[in-house]
Amino acid sequence: MADESEGAEIVGDLLERVVDALGLEGEIEISEDEETITGTVHGDDLGLLIGRHGQTIDAVQHLAGRAVLQGTEDDRRRVVIDAAGYRARRVEALERLADDAVEAALTGGSPVPLEPMNAAERRIVHEYLRDRTEVETYSEGEEPDRCLVVAPAT
Amino acid sequence: MRELLEYLAQSLVDDPDAVRVDEFTEDDGTVVLELAVGDDDYGKVIGRNGRTAKALRAVVKAAAVHEDRRVLIDIVD
């Protein structure tokens, strides 16, 4: 890890402190490329780190991103925090929700709002449905209740 | 919890030395953590639409669950 960037080091340190404070047994892995620093916690029983609807892990991810920006002053890469495959499972769940919403919007002929989700998750759904020309997607409402809407294409 | 909040707040601000966390315990056992930061750093721990403050609360609350406590975080000036 000798060539780890300063930003990656900040993410690793922060994640270690959080995992420790939550009393979890987890191994931390940091990877990075030009766009993203990813901190992954491997282990069992990481439910406390993930939290209800991913609230806790999204909070850790937000804080890690802010800490990198503050600590390096010029590292603007995206920071992703993952635990036990949570992000991949969440993408699958979002894609299922999106498919259901498309069906409901086309059957009912009216817009279908999804549950409120953060900007990153709205982007996942939006991009997943980009090629489905029979529907259009847009966001409405105010944070933190902002949600993506799937509507029949006009 | 106190140490975690202090560490997280210090990682967010321009003046880490000005970060103070005071801890009280209420009669019902709830732990109250009062976070103070340098005058120019409140925006950094609160964030746009209070998002950073909310994230701090969420993470420290998870630590409180581990310790089987209830915690409240007050950002004070």
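Naming convention: chains lettered A, B, ... in sequence-line order (proteins, then strands); numbering from 1 in each chain.
A distance-only check finds no donor-acceptor pair linking the side chain of B/N49 to the backbone of B/R51 [under 3.5 Å]. With hydrogens and angles disregarded, a donor-acceptor distance shorter than 3.5 Å links the side chain of A/D33 to the backbone of A/E35. Counting only distance, with no hydrogens or angles, the side chain of B/R70 and the backbone of B/A64 share no donor-acceptor pair below 3.5 Å.
A salt bridge is defined here as a Lys NZ or Arg NE, NH1 or NH2 lying under 4.0 Å from an Asp or Glu carboxylate O, and B/R69 with B/E67 fails to meet this definition. Taking a cutoff of 4.0 Å between a charged side-chain nitrogen and a carboxylate oxygen, A/R146 and A/E142 do not qualify as a salt bridge.
Using a 4.5 Å cut-off between heavy atoms, B/L12 contacts chain A through both its backbone and its side chain. Residue B/R57: no heavy atom, backbone or side chain, is found under 4.5 Å from chain A. Residue contact with chain A, scored on non-hydrogen atoms closer than 4.5 Å, involves the backbone of B/V13 exclusively.
Listed by chain and number, the residues in a salt bridge (Lys or Arg N to Asp or Glu O under 4.0 Å) with B/D14 are B/K44 (sequence neighbours excluded).
The number of heavy atoms from other shown groups lying within 6.0 Å of CD (A/E25) does not exceed 12.
Shown are B/V59, B/V45, B/L33; of these, the side-chain contact (heavy atoms from CB on, under 4.5 Å) with B/L5 is made only by B/L33.
Taking 4.5 Å as the heavy-atom cut-off, the residues of residues 12-20 of chain A that approach chain B are A/D13, A/L14, A/R17, A/V18, ordered by number. Listed in order of number, the residues of residues 65-82 of chain A that approach chain B to under 4.5 Å between heavy atoms are A/R66, A/A67, A/Q70.
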Dump the intermediate steps for side chain to side chain donor-acceptor pair (under 3.5 Å) on A/E32 and A/S5, then the final yes or no.
CA-CA 9 Å; A/E32 57 182 327; A/S5 71; 2.7 Å; yes
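Residue A/Q61 holds its CD atom at 9.0 Å from OG1 of A/T38, rounded to the nearest 0.5 Å.
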Sequence neighbours left out, cut at 3.5 Å: what donor-acceptor pairs do the side chains of residues 107-126 of chain A make with other protein atoms?
residue, atom, partner, partner atom, Å
A/T107, OG1, A/E103, O, 2.6
A/N118, OD1, A/A120, N, 3.2
A/N118, OD1, A/E121, N, 2.9
A/N118, ND2, A/D58, OD2, 3.1
A/E121, OE1, A/R90, NE, 3.4
A/E121, OE1, A/R90, NH2, 3.0
A/E121, OE2, A/R90, NE, 3.0
A/R122, NE, A/S139, OG, 3.3
A/R122, NH1, A/M117, O, 2.8
A/R122, NH1, A/E143, OE2, 3.3
A/R122, NH2, A/E143, OE2, 3.2
A/H126, ND1, A/T137, OG1, 2.6

